[in-house]
Each structure stands twice: as C-alpha cells, then as structure tokens.
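Down below is the structure, laid out as structure tokens.
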Amino acid sequence: MGENNSGRAVALLPILVFLLIFLGAGFITGDFYSMPAIVAFLLALLVAFIQNPKVKFADKVRLAAKGVGDENIITMCLIFLVAGAFTGAVKAAGGVESTVNLGLSILPSKVAVAGLFLIGCFISISMGTSVGTITALSSIAVGISEKTGFSLAVCAGAVVGGAMFGDNLSMISDTTIAAVKTQGCDMKDKFRENFLIVLPAAVATILLFLFLGREADFQVTGNLDYNIFRVLPYLVVLIGALAGVNVFVILIAGTVLSLVVGVATGAFALGEMFTHVGAGIVGMYDITVISIIVACIVALVKEYGGIDFILTFIRKRINGERGGELGIAALALLVDMCTANNTVAIVMSGPIAKEISDDFGVTPRRSASLLDMFSSMGQGLIPYGAQLLAAASLTGLTPFEIIPYCFYPLLMGLSGLVFIFIKKRK
C-alpha cells in the first residue's frame, strides 16, 4: 500500500495521463473519439509501470495480474461476453424491430413522444445497451417528427432519455454489471434500490413529454408488422432477471431462445446462427479489454498510494453517510465527464467508491446505484458521448440541439440528489 496513511498524489499520475491524452486528442482534433480509449489506457498503464522504481518490474506485473484476477473482474468480463452473445442473437432474430413495431401499434393519439420514451425504456432495459436503443429508435423519431410536426430535437431527446433509463437499470447493461460487481452486491437488490430513486424522474419525464404533445393529432402509418414470438426473448430475460435468476442462466437462456426464434421465423439459416452470436461477442471485446487494463492500472495506483490519497482528500471534505453518498455521486459524474464512457467511469471509480462506502456506512446496493445513476446522467448529457453523437448522426441534428430535451438524465441526477438528502439516517 502507499507509504503513509494519507497516500501519495503522484500515484494518480497514470489516471491524469489518460485524461490528458484522451481529452487532449479530442480538443485538438475536435473529435473525442479520435483517440481510442484502449490506446490512452495502455499509455497510462505504461506510465504506471515506469512509476515508483522502488518496486521491481516483476513485482509490478504480479500486482497487475492480481488485480485482473480479482473474482469481480473475471465475473464482469464473462458477463460482458455472454451479454454480447444475447444481444447479437436477439438483434439478428428481429427482436428489436418487432418490439418497436409492437409499441407503435398500440400508441394512442397525442402521446407519440411520451410513447417513444417508454418504448426506449423497454428496449434499453431489455437489451442493455443505450447506443443500440438509440440506433433502433432514431429512424422512428424522425418519422414521428415528420408526421406530427414535433421538433425532431424533442423526439430525439425522448429516445436518448429512454435509452439512458435502461442503461442505468437493465440487468444486462455493462454499466449495471460493472456497478454491481465493483460494489459487491446482488443485482436484484441494486435494481430495487435504483428503481425507486429513478421512478420519480421517469414519471416527471413522461409528464413533460405529454405536456409538449397535448395538442398533437396524428396517425402512425407504414409497415408496423411485428411477431410476438420475436419479442419473447426480451420478455424472458427481463422477467427472469427481475425474479432473481442467475444472470448467466438468464443470458444463456435468452441467447438460445433467440436462436430458436431466429431459425423458426426464417430470420437467419441454421448455419448462420453462431455467426450472429460471434458478432455480438466481438462487440463486447473493447469494454472487456478496457476492463482488464483498468484493473491493472487501479491495482498499481492503489499499491502506490493513489487510492489512499483520494480517500483522504474526500474524507476531509465529507462527513457521515450522506457525505459519503455525495462523494460517490460526484466521483462517478466527474470521471464520466472525463472519459465519455459511463462503463469505463464505473470501472475506474468503482474501487474508490467501494472504499468510501465501507468507510462511511453506505450500503453496497446504494453505492452501486449512485455510481450507475450519476455516470449515466453524465453520459446522457455530454455532447461528446457516444449516445448523443449517435442520436445526432442518425437524425441530422447536432448534440447541442438535442441536449435541452434530454429531460430524463437531468431529472435522474436531481432525483438522486433529493433521495440523498431526504433519506432518514440512523
């Protein structure tokens, strides 16, 4: 551990290097994805290995390997891969399209935008990916805007909000998985705690969109064919997760069912099904490898005294359980704003949040919820995040046009703060 109880600020140099490289490349080029996160993290890891010459290189490798070998890291990486398999299979089977069309088929008049938000909530909580939800619904948002006369920015904001709802709550979302595993709590407990906090934000968002659409009058036209059989894998995963079934069992069952549905409905041939599963798994490689590299960096930073320094810094500025919760919330939000990736933000700040929760009596399910909520809040509002960039690209808008209508991420953060302050303390 660090040389003294207060830790060493210089031990945080690898994290600072990552932020300077990642953000610096974005500001210089105007494209915050010009520098791949994995490259920036590898450079940061190099700095961590060069640092602290008092520790032998072989010992540094051993420490890094020990960090990667942590049960939570291994479990998290395996879940990422299984979740990717399910996502690839269900998408290829036509589950996304059928789910969207089913929702639009039953929408009553004048609630299109609120309905778009609700559909986004259902898809994202079932699919576990905000970017995938935005990709699936953005074309629908354009169509609703054209048919209702609503501002396209309003419709896009509804899509982004719905996407962030599931990103924060879904049992198969990488952010949820990372939050649960880094804090050491059960997924169902985190869901229950988290859902109660964000429910007021979701209700308020629906009311805002209903108010904006109170004078709309339209009929959705076009092909809204759906196959309820193709929606079944989503329902199985969602219901099974809420019932507390093991996440591996749920995802494997959902993947198998998606493959059966895909072949039975003719979405793909029997010989193609593993190709779709493989494509879904490959889509999770980046976050899996990043999780491994971050585990190495955090292990070395902790050994050098960096974690102790941050904990001491926070401890001097907060008192009690409420202060600990505010510290975790601020940590998650700030790291997400710097990394433009809420999963990476949780993986990076999770160990620190765990230390804070232990020291200040914050329950694991509470700290996991705060990590997930406030990193997702940031991700749904930063103009250089993948979610707003995807929405802007698919609708022909700019992120800054959509942000004013991203009601849900903002209200989620406000709701989180309210619950921190009104919670009864022992």
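- When L45, V68, V347 are each tested for a side-chain contact (heavy atoms from CB on, under 4.5 Å) with I293, only one passes: L45.
- S367 has its side chain out of reach of I356: every pair of non-hydrogen atoms, C-beta onward, lies at least 4.5 Å apart.
- Pairing each heavy atom of G350 with each of L371, the nearest pair is CA-CD1, 3.9 Å.
- Between I38 and D286, every side-chain heavy-atom pair lies at or beyond the 4.5 Å cut-off.
- Between I297 and P14, the shortest heavy-atom contact is CG2-CB, 4.1 Å.
- At a threshold of 4.0 Å, the pair K66-D70 does not count as salt-bridged, since none of the basic side-chain nitrogens sits closer than that to a carboxylate oxygen.
- In this structure the side chain of V154 reaches within 4.5 angstrom of the side chain of F209, judged on heavy atoms.
- Every residue was checked against the salt bridge (Lys or Arg N to Asp or Glu O under 4.0 Å) condition with K181, not counting sequence neighbours, and none meets it.
- Using a 4.0 Å cut-off between charged nitrogen and carboxylate oxygen, K190 and D372 count as a salt-bridge pair.
- The side-chain heavy atoms of F122 and L235, taken from C-beta on, include a pair separated by under 4.5 Å.
- Neither side chain, N342 nor T175, offers a donor N or O lying under 3.5 Å from an acceptor on the other.
- Within the 4.5 Å cutoff, side-chain heavy atoms of V17 are placed close to those of L13.
- Counting all heavy atoms, side chain and backbone alike, S151 lies closest to S145 at C-OG, 3.9 Å.
- Contact annotation: the side chain of F229 approaches that of T265 to within less than 4.5 Å [non-hydrogen atoms, C-beta and beyond].
- The aromatic rings of F165 and F117 sit perpendicular, their planes meeting at an angle over 60°, well past the 30° parallel limit.
- Side-chain polar atoms of E193 and S369 form no donor-acceptor pair below 3.5 angstrom.
- Using modelled atom types, one finds no donor on one side chain facing an acceptor on the other under 3.5 Å when comparing S376 with D167.
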Using atom types as modelled, flag every donor-acceptor pair under 3.5 Å from a side chain in residues 397-420 to any protein atom, sequence neighbours excluded.
| residue | atom | partner | partner atom | Å |
| --- | --- | --- | --- | --- |
| T398 | OG1 | E401 | N | 3.3 |
| T398 | OG1 | E401 | OE1 | 3.3 |
| E401 | OE1 | T398 | N | 2.8 |
| S415 | OG | I197 | O | 2.5 |

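- At a cut-off of 3.5 Å, with distance as the only test, no side-chain donor of N168 or T176 sits close to an acceptor on the other residue.
- Closest of all the heavy-atom pairs between S258 and P233 is OG-CB, 3.3 Å.
- Salt-bridge formation is detected for the pair K302/E355: a Lys NZ or Arg NE/NH1/NH2 atom is positioned less than 4.0 Å from an Asp or Glu carboxylate oxygen.
- At a threshold of 4.5 Å between non-hydrogen side-chain atoms, the residues V198 and N194 count as touching.
- Between M35 and A25, the closest heavy-atom pair is CB-CB, 3.5 Å.
- Under the 3.5 Å distance criterion, the side-chain polar atoms of S349 are matched with a main-chain donor or acceptor of A345.
- Heavy-atom minimum distance, V301 versus A11: CG2-O, 3.5 Å.
- In this model, no donor atom of one side chain and acceptor atom of the other lie less than 3.5 Å apart for R366 and S357.
- The shortest distance between side-chain heavy atoms of S130 and S124 does not fall below 4.5 Å.
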